Participant: 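Below you will find the structure I want to go over with you.
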Protein chains: 4
Amino acid sequence: MFSKFLKLKPEKQEQIINAALKVFSRESYKQASTDEIVNAAGISKGALFHYFRSKKDLYLFLYDYVTKVLTDEYFGSIDLSERDILLRLQQMCLLKLSLLKKHPDMMNFAAKAFVEEDDEIKGNIMEKNKEITAKGYSNFQDNIDTSKLREDVDDQMALNIIRWTFEGYANKEQAALRNHPMDEVLFDKWISEINGYIEIIRKCLYKGGNEP
Amino acid sequence: MFSKFLKLKPEKQEQIINAALKVFSRESYKQASTDEIVNAAGISKGALFHYFRSKKDLYLFLYDYVTKVLTDEYFGSIDLSERDILLRLQQMCLLKLSLLKKHPDMMNFAAKAFVEEDDEIKGNIMEKNKEITAKGYSNFQDNIDTSKLREDVDDQMALNIIRWTFEGYANKEQAALRNHPMDEVLFDKWISEINGYIEIIRKCLYKGGNEP
Amino acid sequence: MFSKFLKLKPEKQEQIINAALKVFSRESYKQASTDEIVNAAGISKGALFHYFRSKKDLYLFLYDYVTKVLTDEYFGSIDLSERDILLRLQQMCLLKLSLLKKHPDMMNFAAKAFVEEDDEIKGNIMEKNKEITAKGYSNFQDNIDTSKLREDVDDQMALNIIRWTFEGYANKEQAALRNHPMDEVLFDKWISEINGYIEIIRKCLYKGGNEP
Amino acid sequence: MFSKFLKLKPEKQEQIINAALKVFSRESYKQASTDEIVNAAGISKGALFHYFRSKKDLYLFLYDYVTKVLTDEYFGSIDLSERDILLRLQQMCLLKLSLLKKHPDMMNFAAKAFVEEDDEIKGNIMEKNKEITAKGYSNFQDNIDTSKLREDVDDQMALNIIRWTFEGYANKEQAALRNHPMDEVLFDKWISEINGYIEIIRKCLYKGGNEP
DNA sequence: TATGAATGAGGATTCATTCAT
DNA sequence: TATGAATGAATCCTCATTCAT
């Protein structure tokens, strides 16, 4: 499967993948047009269906491809030995925001694919997600040292609050990303704001934080 | 406009609205098929276009309808004089979860419509959203008494953490909703868990909370 | 046939006929919409199909009606004992132009119906035309006194030139009619111009005209 | 535009053009059915919309095509240096009748298009007509030598009578064309009859014609 | 008799997929 | 292997006609 595509020169593969990602990251599965994809990729209609047998196969190939690239970059960059949840989430949050800027089409494609509800592919995507989960990419709270958390607060609830805070921040910034260029200044802002939240959480939910 | 539809017997109106909401809450604007809608509603193709002149008009009618029902039920039930953010968000969160169970199709439709990007309707939806915003439905943090918050923590950041906590909780429960029936037990669970988070936040982010 | 329609009060009949004529004189048979007709007539959809069984029947009724009114007014006003072709065509031409202004919808309807090629009605219209012709409305050149025409010119050819001249003039003026109001001034212009052509023809094609 | 169509084999282009012309020369723009066109052309529905993006585009393409063919054949065959109006109109009339027999669908299409009132295309057709007019195809009476006309008759009125005579003759013959085959005999009849009219007009409206 | 809601076949257009070259 | 012309099912929408009230 996909062997015909994989025999192409890497540059051509990339060119086709990028074109398809661009289209699929903007439109839903059904609305995305193969015409637009072949035009953006600079190949013929027949070629696309020669490499991939169908639109569905192309989509699922892209899903695997994107999943692999993103998980590699994501989990390859995260220090899973960091047992302090704040430092781990700081990494994760910055990494996610960086990936959004580095691979916007992939990230948007992944986000769209995650909620895609077209019957033609929904089943396959859910299956693939199960496989990914099964591979056991460590969760944000695996192997976390909870001993630093306040004792008068339920650990899991504290972890949830911390996670939701970082998720909320990442979402807020993601929405802003569309309008602003990504540069050193923006990255520094992220670091400084994230550290602000870390400080608050450390103060409030960790042992030995200041008295309110 | 829509006068022909509004002359129908209420039961029939409801039957058509429900059918359309079911389809539009599952599929995007473009993918949603009028065939499926008329089949679900048990009416003929011609009838649909007799009541609403076009698919677009039907969609925008539904948007207005849903917006009205949800804002009425939502803002009609919220006590905006409550100046303690925790109590206000407790109300909002419970209400949102209740609405999700009471009107799942409406809530999903509203969520989908909010991010709908089809050129045919995007402009209209944005316009309607402006009108809604202009009507001044108060924001979650309008008129909030921030004097209760810890003084050694930035107010806005504290409010963000609190909001994201409730949003995170609501999202988590929303995902679970599809599989469980909504009943007294579930509602009690929500109250108890939300109160758990409230207690933690009060302890950590409010003046005079316990020392960690 | 049409008995139900003919039982209506004359004013209502007229109102319906006028509305239908307005629509059919603007649009072709197929494109003319029964919706537009009932709206213009201020009656319900059902009523129209109650009076006339179908769009086709309505159209054919109108054709008969218009044919009758126009031939009555036309042949009722023409003095067929006038044996001078110029005076007869002068009458006919002025009458046609007057009718165009007096009954524009009828004239346009008749003109459109004459070239209507929709299979649903073409046969019926052609049949009706045969009947009309069979009734023997006298032709423009019936009973004409050709003795006044130059002897060195073929009578039939001379009559053709004369007829085509008047037809050409009438067509030219008809096109101009849409933009100008019909009034005394316009009528006088017609008379004066037509007399100009008559004078030329008398001079050129009649015995004893001036030498060129 | 139309590049896809123009890449087809000439025979296929012709086959499609002829099918479309046949349908559009019989029905109005709106009533003409693309189904009928594709059946007549022996191609699939999709193919038609592959070559031309829409029914409108097909129609406007045909208009340009027909206009070009007809004006080329028409103005390519007319000797505009002929300053005698009778000889010029003799050419024009014969040419028009020949074209009617050679390209009946094109001529009928052109005639229908000229009075087409459908909003979807009316504007475009009028624009194209302006362009054509602007190209300055000389009018029937441009550069005419009026010095040969009788001095006791208004020049413009004389020219009108002459034009209307030839138009009338062409119209009469056009109506007869549908039933008769076009052959040498018919063409000879036209020449002889037209020459008959020319002789009469020369005798009556030109200087030095015989005394009536 | 009159109403207007309802029907469903028909029309233009789109698009994934096939296939001759 | 690559091309892009061709297919036809599916989609939104229209409108003469019917029928319950």
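Remember, it's a predicted structure, so these values are computed and weren't measured experimentally.
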Participant: Just to be sure I understand the rule, does B:F5 reach a base, reach only the sugar-phosphate, or reach nothing, if contact means heavy atoms closer than 4.0 Å?
Facilitator: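 If one applies the 4.0 Å heavy-atom cut-off, B:F5 turns out to touch nothing in the nucleic acid.
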
Participant: Closer to the 5' end of DNA chain E via nearest nucleotide, is it B:S44 or C:K7?
Facilitator: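 The residue whose closest nucleotide sits nearer the 5' end is C:K7.
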
Participant: Under 4.0 Å between any heavy atoms, over every strand shown, what does B:H50 touch: base, sugar-phosphate, or nothing? Just pick one.
Facilitator: base

Participant: Please determine, by modelled atom types, if C:Y63 and C:N129 share a side-chain donor-acceptor pair under 3.5 angstrom.
Facilitator: yes

Participant: Write down the distance between CD (A:E36) and P (E:dA16), rounded to a whole number of angstrom.
Facilitator: 10 Å

Participant: Rounded to the Å, how far apart are B:K9 NZ and E:dG4 P?
Facilitator: 17 Å

Participant: Salt bridge between B:E14 and B:K9, side-chain N to carboxylate O under 4.0 Å?
Facilitator: no

Participant: I'd like to know if C:E27 and C:K22 make a salt bridge, using a cut-off of under 4.0 Å between side-chain N and carboxylate O.
Facilitator: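 C:K22 and C:E27: not salt-bridged.
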
Participant: Would you say the rings of B:Y65 and B:F109 are close, in the sense that their centroids are separated by under 6.0 Å?
Facilitator: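 No: the rings miss the under 6.0 Å criterion.
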
Participant: Expressed in angstrom and rounded to an integer, what is the separation of D:I43 atom CD1 from F:dG4 atom C1'?
Facilitator: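 Checked: the CD1 to C1' distance equals 16 Å.
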
Participant: Does atom NZ of D:K30 have more than 12 heavy-atom neighbours from other groups under 6.0 Å away?
Facilitator: no

Participant: Just call it for D:F52: base, sugar-phosphate, or nothing, with non-hydrogen atoms closer than 4.0 Å on any strand.
Facilitator: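 Answer is nothing: D:F52 stays at 4.0 Å or more from every strand.
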
Participant: Give a yes-or-no answer on whether the side chains of D:S28 and C:Q31 include a donor-acceptor pair shorter than 3.5 Å.
Facilitator: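 Distance-only check passes for D:S28 and C:Q31.
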
Participant: How does protein contact run along nucleotides 10-19 of chain F, one letter per nucleotide 5' to 3', with B for base contact, S for sugar-phosphate only, - for none, heavy atoms under 4.0 Å?
Facilitator: --BBBBBBB-

Participant: Let me have DNA chain F in dot-bracket notation, would you? Count Watson-Crick plus G-U wobble pairs, both distances under 3.5 Å, and use [ ] for pairs crossing earlier ones and | for inter-strand partners.
Facilitator: .||||||||||||||||||||

Participant: Mind calculating the distance between CD (D:E27) and C1' (E:dG10) to the nearest angstrom?
Facilitator: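 Distance check: D:E27 CD to E:dG10 C1' gives 14 Å.
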
Participant: So what does B:K12 touch, heavy atoms closer than 4.0 Å: a base, only the sugar-phosphate, or nothing?
Facilitator: sugar-phosphate

Participant: Do D:K122 and D:E127 sit within salt-bridge range, that is, some charged N less than 4.0 Å from a carboxylate O?
Facilitator: no

Participant: If I take atom CD1 in residue A:I37 and atom C1' in nucleotide E:dC15, what distance separates them, rounded to the nearest angstrom?
Facilitator: 12 Å

Participant: Would one find a side-chain N or O of A:Y51 under 4.0 angstrom from OP1 or OP2 of F:dA2?
Facilitator: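 For A:Y51, the contact criterion (side-chain N or O under 4.0 Å from OP1 or OP2 of F:dA2) is met.
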
Participant: Please report the closest heavy-atom contact between A:A110 and A:V66, naming both atoms and the distance.
Facilitator: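 Smallest interatomic distance, heavy atoms only, reads CB-CG1, 4.1 Å.
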
Participant: How close or far is atom P of E:dA16 from atom OH of A:Y59, stated in whole angstroms?
Facilitator: 14 Å

Participant: Please report the distance, rounded to the nearest Å, between CD in A:Q15 and P in F:dA2.
Facilitator: 12 Å

Participant: Indicate, with yes or no, if the rings of A:F2 and A:Y51 have centres closer together than 6.0 Å.
Facilitator: no

